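Here the structure is a predicted model, which is why all the values come from computation and not from measurement. Whatever order the structure lists them in is the order used to number ligands and atoms, beginning at 1.
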Amino acid sequence: MQKLIFATNNTHKAEEIRSVLEGQFTIITLKEAGIDMDIPEPFDTLEENARQKATTVYNLTGISCFGEDTGLETNALDGEPGVKSARYAGEERDFTANIEKLLDRLKDKTDRTARFRTVISLLLDGVEYQFEGICEGSITTRPRGGKGFGYDPVFIPNNAGHTFAEMSLPEKNQYSHRGKAMEQLMQFLIKK
Ligand code: ITT
């Protein structure tokens with residue numbers, strides 16, 4: 001089975017991605033590859049940050065790998081928190097605080113539409129390929145559900161009726177930005 005390093009320290013992302021690629025590819029996280037590093041994400045776009053994660057790991061290992069960057073973009077706040085999603089309320093990356101800040105900034109807004117966007121950068125034998133997945137939806141007025149991670153308790157995908165945090169992992173993957181980007185990555189790798 002082809003081995004790929006997934007340049008992430010986020011165990012939730014790894015779990016979601018493995019549930020799609022399981023049986024077809026062996027996915028190794030940074031920790032499992034013995035790489036103890038928080039890769040900087042200095043850029044203003046998901047595309048550049050995803051590339052940075054993949055390139056850093058490829059340069060270290062020479063093994064084909066991919067990285068992804070994800071942002072939550074709200075229409076009423078001109079795309080906030082966007083590329084700054086992880087550190088919206090501060091460097092501590094505290095998700096209760098991030099959610100509180102988002103709900104507070106949206107409290108007087110009637111437009112609560114938003115989207116999650118994931119960009120995957122794949123480096124295969126040193127050549128880069130990118131894949132994008134978008135999930136349109138809206139932000140709730142209070143957190144709902146205990147599953148998932150990050151902003152999942154406040155995001156309802158269109159046509160779903162409940163938040164990502166109220167869904168099982170396979171159900172989230174059916175709707176999600178990451179599920180869509182992963183599907184493209186998988187189809188690409190299968191044809192390669
Ligand atoms: P990496 O190691 O892969 O960089 P990260 O947690 O830093 O992991 P990002 O840089 O992509 O991830 O930051 C985006 C933030 O948005 C992240 O901290 C998440 O908590 C949040 N996020 C990403 N995907 C999400 C999802 O599917 N549902 C809810 N929140 C999500």
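Judged by the shortest distance from any of its heavy atoms, Phe164 lies outside the 4.0 Å radius around the atoms of ligand 1.
Closest to atom 7 (O) of ligand 1 by heavy atom, among Arg117, Arg93, Lys84, Lys172, is Arg93.
The proximity of Lys53 to ligand 1, defined as any non-hydrogen pair under 4.0 Å, is limited to the side chain. Heavy atoms of Phe155 found under 4.0 angstrom from ligand 1: none, in either backbone or side chain. Using a 4.0 Å cut-off between heavy atoms, Phe95 contacts ligand 1 through its side chain alone, with no backbone atom that close.
Glu132 pairs with exactly one of Arg117, Arg178, Arg115 by the salt bridge (charged side-chain N to carboxylate O under 4.0 Å, His left out) rule, that one being Arg117.
In terms of protein heavy atoms, atom 3 (O) of ligand 1 is closest to Thr8 OG1, 2.6 Å. The nearest heavy-atom contact from the protein to atom 11 (O) of ligand 1 is Lys13 NZ, 2.8 Å.
When hydrophobic side chains of Ile, Leu, Val, Met, Phe, Trp and Tyr are connected at separations under 4.5 Å, Leu103 ends up clustered with Leu72, Leu77, Tyr88, Phe95, Ile99, Leu102, Leu106, Phe116, Ile139, Tyr151, Val154, Phe155, Phe164, Met167, Tyr175.
Checked by atom type, the side-chain pair Ser19/Asn173 shows a donor-acceptor distance below 3.5 Å.
Looking at Glu16 next to ligand 1, no N or O pair under 3.5 Å apart turns up.
A salt bridge between Lys107 and Asp104 is present, with a side-chain N of the basic residue lying under 4.0 Å from a carboxylate O of the acidic one.
Between Ala14 and Thr29, the shortest heavy-atom contact is CB-CG2, 3.7 Å.
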